[in-house]
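Letters go in sequence order (proteins before strands), and every chain restarts at 1.
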Amino acid sequence: MLDHPNHPSETFSGDRGLDQEEPLLFEIGRADVTGVDIDEPEPFTPRLGALERTAPIGLPGLSEPETMRHYVRLSRKNYSIDAGLYPLGSCTMKHNSRLAEKMARLEGFANIHPLQPQATARGALALMEELSRFLLELTNMSAVALSPKAGAHGELCGLMTIEAALRARGQAQTRRTVLIPQSAHGTNPASAALLGFTVRAIPAGEDGIVHADAVAAALGPDVAAIMLTNPNTCGLFEREVVEIARLVHESGGYFYCDGANFNAIAGVARPGDMGVDAMHLNLHKTFSTPHGGGGPGAGPVVLSARLAPFAPVPFLLRDGDSLRLVEHAEGTQSFGRLTAFHGQMGMFVRALSYLLSHGGDGVAQASRDAVLAANYLRARLRDVMTQPFGDRLCMHEVLFDDAFLKGTGVTTLDFAKAMIDEGYHPMTVYFPLVVHGAMLIEPTESESKRSLDRFVATLRALAESAQRGETERFAEAPRHAPRRRPDETAAARRPVLRWGSRQ
Amino acid sequence: MRYLPLTEDDRAQMREAIGVPTAEALYADVPKDVLLTRPLDLPRGRGEMEVERHLAALARNNVAASRSFLGAGAYRHHIPASVDHLIQRSEFLTSYTPYQPEISQGTLQVLFEFQTQVAALTGMEIANASMYDGSTACAEAALMAHRVTKRRKAVLSGGLHPHYAEVVRTLSRFAGDEVDTLAPDVFAREDITAQIDDDVSCVIVQTPDVFGNLRDLSPIARACHAKGALLVAVVTEAVSLGLVTPPGDFGADIVVGEGQSLGNPLSFGGPYVGLFATKQEHLRQMPGRLCGETVDADGRRSFVLTLSAREQHIRRDKATSNICTNSGLCALAFSIHLTLLGEAGLRRLARANHASAVRLAERLARVHGVEVLNETFFNEFTLRVSSDAARLVERLAERGVLAGVPVSRLLPGAGLDDLLLVTSTEVATNEDHEAFIAALEGAL
């Protein structure tokens with residue numbers, strides 16, 4: 001109670017057993033404390049000109065034990081996939097192996113410099129080539145650009161490649177429209193707009209998928225590309241994808257596939273066979289590199305033969321026995337450089353570690369299990385929760401809407417927060433935007449049947465509780481979490497983004 | 001398959017509950033002719049021991065930095081053991097973007113502390129929750145300057161890291177913006193202020209610059225502001241900010257940087273952590289995620305992601321940027337390392353870096369056929385050598401010394417083939433310096 005007068009606890013300290021509070025670093029650290037022993041250098045004559053920093057910086061320090069405790073206590077206020085089911089649709093929270101972490105920390109990967117002579121980094125280049133071979137075989141595409149640093153960065157890369165190809169055809173000025181389904185991730189329209197394209201939205205049918213006739217109606221000589229997510233954000237496979245690709249190609253446009261949901265079909269069907277020209281692969285989703293509380297990601301882009309020449313630098317070039325990175329665009333058709341250095345090498349090691357562990361057979365089995373698990377949840381919950389597009393097969397994620405909460409006084413958000421009290425991370429809510437009160441659940445292949453059954457029992461109990469009108473449980477949720485619901489409006493109205501800035 | 005918990009029996013029971021006869025039936029929506037009918041041409045899954053063996057063999061084919069003097073935007077520093085231990089705690093490592101603040105206060109408080117540390121370090125008012133890396137942050141800064149000034153031309157200093165300049169040019173070319181890049185500026189003598197006219201949205205200057213020179217940015221800031229342009233300052237070596245006047249004190253409007261030096265390994269170029277700081281007045285034009293303070297339903301201090309009305313998941317094609325991630329775990333490593341250092345430790349670390357580089361520069365200046373070009377520098381400087389620097393580096397690599405970055409690696413065809421960028425940090429010992437000198441004398 002001493003530190004936190006509003007904390008509804010009965011203890012003097014404010015902590016409650018294992019539930020421990022932690023002040024801000026700036027409240028417990030001191031400028032003269034350090035947890036790193038560094039010797040003062042021998043006297044020398046500085047070469048800083050007149051640019052030495054003299055005023056205090058304002059950086060508190062903690063000793064090593066204090067640092068450990070600060071961050072361990074903070075860590076305990078986070079949910080994680082290693083602690084429980086994390087059913088975030090569209091985000092894919094699957095098991096992250098510690099083998100991958102161990103491999104990324106090998107001295108020969110962690111401690112190599114991006115600009116050391118290429119002859120001293122042959123293992124790194126070989127690893128990039130081996131990862132590329134996996135990605136190309138899984139997608140049946142011609143080339144891969146490894147440098148994009150995240151999925152949305154991959155979208156930029158793919159669209160730049162498409163624009164460079166159009167430029168080579170003399171159509172970069174005339175083809176300025178990108179077709180994007182209304183249900184797409186927000187990054188798709190944002191990426192297109194960033195490059196000066198006009199976005200034309202494509203509606204989905206009543207059945208939640210994009211139909212070839214809707215695409216045909218939107219196509220014209222101004223269209224550069226379509227960006228289609230497949231499987232889509234409603235958890236459905238775009239059944240007319242082959243026909244859509246044919247129409248787009250016939251009209252002179254390119255087919256960009258948002259590969260965020262590739263983990264539903266990896267090893268089962270290949271985008272190259274569907275007519276895809278460019279697709280990013282979220283290594284952190286499909287190939288299980290950890291999300292790290294929001295990143296880093298990695299978004300390599302696979303390209304069809306006709307887009308391959310325009311890929312960004314650096315790219316790998318094999319000439320017989322020798323493998324080298326081409327780092328400069330001059331003398332090539334490459335559209336240029338997307339980022340300093342060669343991409344997320346640390347993520348490449350982790351993704352390859354995952355792929356080698358699974359092998360081709362395991363990747364396919366993982367996809368089938370992910371789809372099986374999502375459909376199992378659908379089948380076990382369809383009588384208590386509602387689906388926006390009727391009861392039909394889904395891919396690796398299952399979409400419910402809020403119709404089953406109608407008249408109960410319980411909102412989608414309330415329902416999600418009540419899951420926290422039950423020990424689960426909420427599912428993705430209010431996305432995709434095209435479905436009212438959307439609840440998108442992705443169990444992944446990492447869950448055992450027992451785990452899925454427990455989850456089903458909890459969701460059924462919550463749905464029935466809501467339908468019985470037990471609104472208090474939901475309005476009050478979460479009660480068993482490090483914090484109750486925060487005031488997000490206040491946070492946005494008067495932003496306090498750093499310590500000491502509140503007036 | 002150790003990562004897959006379902007047994008064949010489980011699968012059969014689950015299929016029965018769903019009402020499908022086979023695993024294939026779940027893919028009924030996929031057109032038959034695109035379903036793969038043969039196994040992938042990939043190896044079968046391997047056990048943990050075999051995977052370790054395979055990757056370790058690849059790792060052994062790389063020369064890890066031990067006697068290494070490479071920099072140019074990526075720096076070798078000592079990382080305290082506790083940093084790596086803490087970032088591997090699963091509550092940090094295997095958690096997602098903190099969209100559910102009630103059970104993500106750990107990550108959110110870390111981001112709030114990170115934002116405060118970055119603002120203090122750069123001398124700015126506010127910072128975001130990190131970007132992909134320094135180079136992409138730099139390109140985003142140009143776009144932000146366009147939004148703020150409603151102009152679309154960026155002027156890039158010839159002391160800007162060539163990769164950063166290329167990234168800005170790539171994005172700008174596609175976005176339809178204009179970029180003027182000044183000639184390589186080895187001695188920091190360019191007059192960038194002469195390039196600022198009424199169309200210029202921002203001037204982008206690096207300090208220390210890619211050749212290692214430190215520069216006083218205040219005259220450039222004044223010239224920018226007189227013409228209504230913004231000054232974007234780039235820092236590729238975050239440790240320098242422990243010893244050198246930060247860009248904010250010179251009047252920079254946006255400071256972007258690479259945070260790899262604190263807590264993050266070299267890792268052949270990524271993942272790294274982009275720093276992005278600016279003035280309060282530009283808050284709503286900032287790209288990237290922001291964490292803010294608020295209170296929860298019980299009145300307790302809480303943290304949330306905020307101002308998402310700028311972001312793509314709400315604004316779609318009207319968003320300030322398409323970025324929907326940050327370098328969360330790398331930012332955490334940065335923040336932990338900086339917490340361990342504190343102000344006293346960071347200053348000492350920075351002095352150790354400067355001392356090491358000064359000492360090496362003094363030794364190198366005495367080598368026949370070598371000239372140190374810089375008057376000022378932090379932990380990196382430029383040598384002119386009496387032969388082709390790239391070939392020299394290859395010869396030294398054979399002698400176990402990674403001697404530096406030849407400028408021709410970054411700027412091929414610029415006629416700077418005799419220049420070598422050399423870095424010395426706190427990890428380089430006197431013995432390393434002597435080995436470098438001996439190898440250099442032998443090779444020249």
Provide the closest heavy-atom pair for [X] versus [Y] in the form atom of the first, atom of the second, distance.
X        : Y        : value
B:Ala119 : A:Arg498 : CB-NH1, 3.6 Å
A:Ser191 : B:Asn322 : OG-ND2, 2.8 Å
A:Pro486 : B:Thr294 : CB-CG2, 3.8 Å
A:Ala31  : B:Glu343 : O-CB, 3.7 Å
A:Thr187 : B:Cys324 : CG2-SG, 3.6 Å
A:Glu52  : B:Thr245 : O-OG1, 3.3 Å

Are A:Leu99 and B:Tyr3 close enough, and set up right, to give a side-chain contact (heavy atoms from CB on, under 4.5 Å), and what steps lead you there? CA-CA 11 Å; A:Leu99 172 63; B:Tyr3 299 153; 4.2 Å; yes
Please check: side-chain N/O of [X] versus main-chain N/O of [Y], any donor-acceptor pairing under 3.5 Å?
X        : Y        : value
B:Ser327 : A:Gly295 : no
B:Gln312 : A:Ala190 : no
B:Ser135 : A:Thr339 : no
A:Thr34  : B:Leu340 : yes
B:Arg315 : A:Gly186 : no
B:Asn62  : A:Gly123 : yes
A:Arg47  : B:Asn374 : yes

Greatest number of heavy atom pairs closer than 4.5 Å to chain A - which of [options]:
options                                : answer
B:Thr116, B:Leu143, B:Asp33            : B:Thr116
B:Ala344, B:Ala74, B:Pro265            : B:Ala74
B:Gln115, B:Glu48, B:Met14             : B:Met14
B:Val393, B:Val304, B:Val244, B:Leu241 : B:Val244
B:Arg60, B:Glu113, B:Gln105, B:Gln88   : B:Glu113
B:Ala352, B:Gly106, B:Gly342           : B:Gly106

Is a donor from one side chain sitting under 3.5 angstrom from an acceptor on the other, for B:Ser104 and A:Asn78?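 Judged by distance alone, the side chains do not pair up.
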Under a 3.5 Å cutoff, is there a donor and acceptor pairing between the side chains of B:Arg46 and A:Ser357?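 A:Ser357 and B:Arg46 do not have a side-chain donor-acceptor pair below 3.5 Å.
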For [Y], is there an ion pair with [X] - N to carboxylate O distance below 4.0 angstrom?
X        : Y        : answer
A:Arg485 : B:Asp296 : no
A:Arg484 : B:Glu102 : no
B:Arg351 : A:Glu40  : yes

Under 4.5 Å heavy-atom distance to chain A, tell me which part of [X] shows up: side chain, backbone, both or neither.
X        : result
B:Val405 : side chain
B:Tyr27  : side chain
B:Thr94  : both
B:Arg169 : neither
B:Pro43  : both
B:Ser321 : backbone
B:Val34  : both

Please lay out, stage by stage, how B:Arg89 and A:Ser75 fare under the test side-chain hydrogen bond (donor to acceptor under 3.5 Å, both in side chains). CA-CA 7 Å; B:Arg89 282 187 65 87; A:Ser75 75; 2.8 Å; yes
Centre-to-centre under 6.0 Å for A:His153 and B:Tyr132, is that the case here?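 Yes, they do, as the ring centres are separated by less than 6.0 Å.
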side-chain contact (heavy atoms from CB on, under 4.5 Å) assessment of A:Trp499 paired with B:Gln117: CA-CA 9 Å; A:Trp499 182 77; B:Gln117 287 172 318; over 6 Å; no
With sequence neighbours excluded, what pairs up with A:His328 under the side chain to side chain contact (heavy atoms under 4.5 Å, CB included) test?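 A:His328: side chain to side chain contact (heavy atoms under 4.5 Å, CB included) contacts with A:Glu330, B:Glu166, B:Pro412.
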What do the steps show when you test B:His354 against A:Phe44 for ring-ring contact (aromatic ring centres under 6.0 Å, His included), and what is the final call? CA-CA 9 Å; B:His354 188 47; A:Phe44 69 102; 5.6 Å; yes
Rounded at 0.5 Å granularity, tell me how far [atom1] in [X] sits from [atom2] in [Y].
X        : Y        : atom1 : atom2 : value
B:Leu332 : A:Leu74  : CG    : CG    : 9.0 Å
A:Ile420 : B:Ile103 : CD1   : CD1   : 4.0 Å
B:Leu55  : A:Ser353 : CG    : OG    : 6.0 Å
B:Leu307 : A:Leu497 : CG    : CG    : 6.5 Å

Which atoms of [X] come close to chain B, meaning under 4.5 Å heavy atom to heavy atom: side chain ones, backbone ones, both, or neither?
X        : answer
A:Tyr86  : side chain
A:Val363 : neither
A:Ala83  : neither

Would you please test B:Phe268 and A:His113 for ring-ring contact (aromatic ring centres under 6.0 Å, His included) and show each step? CA-CA 5 Å; B:Phe268 206 49; A:His113 192 283; 8.9 Å; no
Dump the intermediate steps for side-chain contact (heavy atoms from CB on, under 4.5 Å) on A:Leu194 and B:Phe174, then the final yes or no. CA-CA 8 Å; A:Leu194 191 57; B:Phe174 284 100; over 6 Å; no
So, do [X] and [Y] sit near enough that their side-chain heavy atoms are less than 4.5 Å apart?
X        : Y        : result
A:Pro290 : B:Phe92  : no
A:Ser448 : B:Asp10  : no
B:Val20  : A:Asn375 : no
A:Phe134 : B:Leu40  : no
B:Leu4   : A:His358 : yes

Quick one: which of A:Val241, A:Leu106, A:Leu62 has the most heavy-atom pairs under 4.5 Å with chain B, could you say?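 Heavy-atom pairs under 4.5 Å are most numerous for A:Leu62.
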Go through the steps for B:Thr339 and A:Tyr71 under the test side-chain contact (heavy atoms from CB on, under 4.5 Å), then give the verdict. CA-CA 10 Å; B:Thr339 297; A:Tyr71 289 99; 2.9 Å; yes
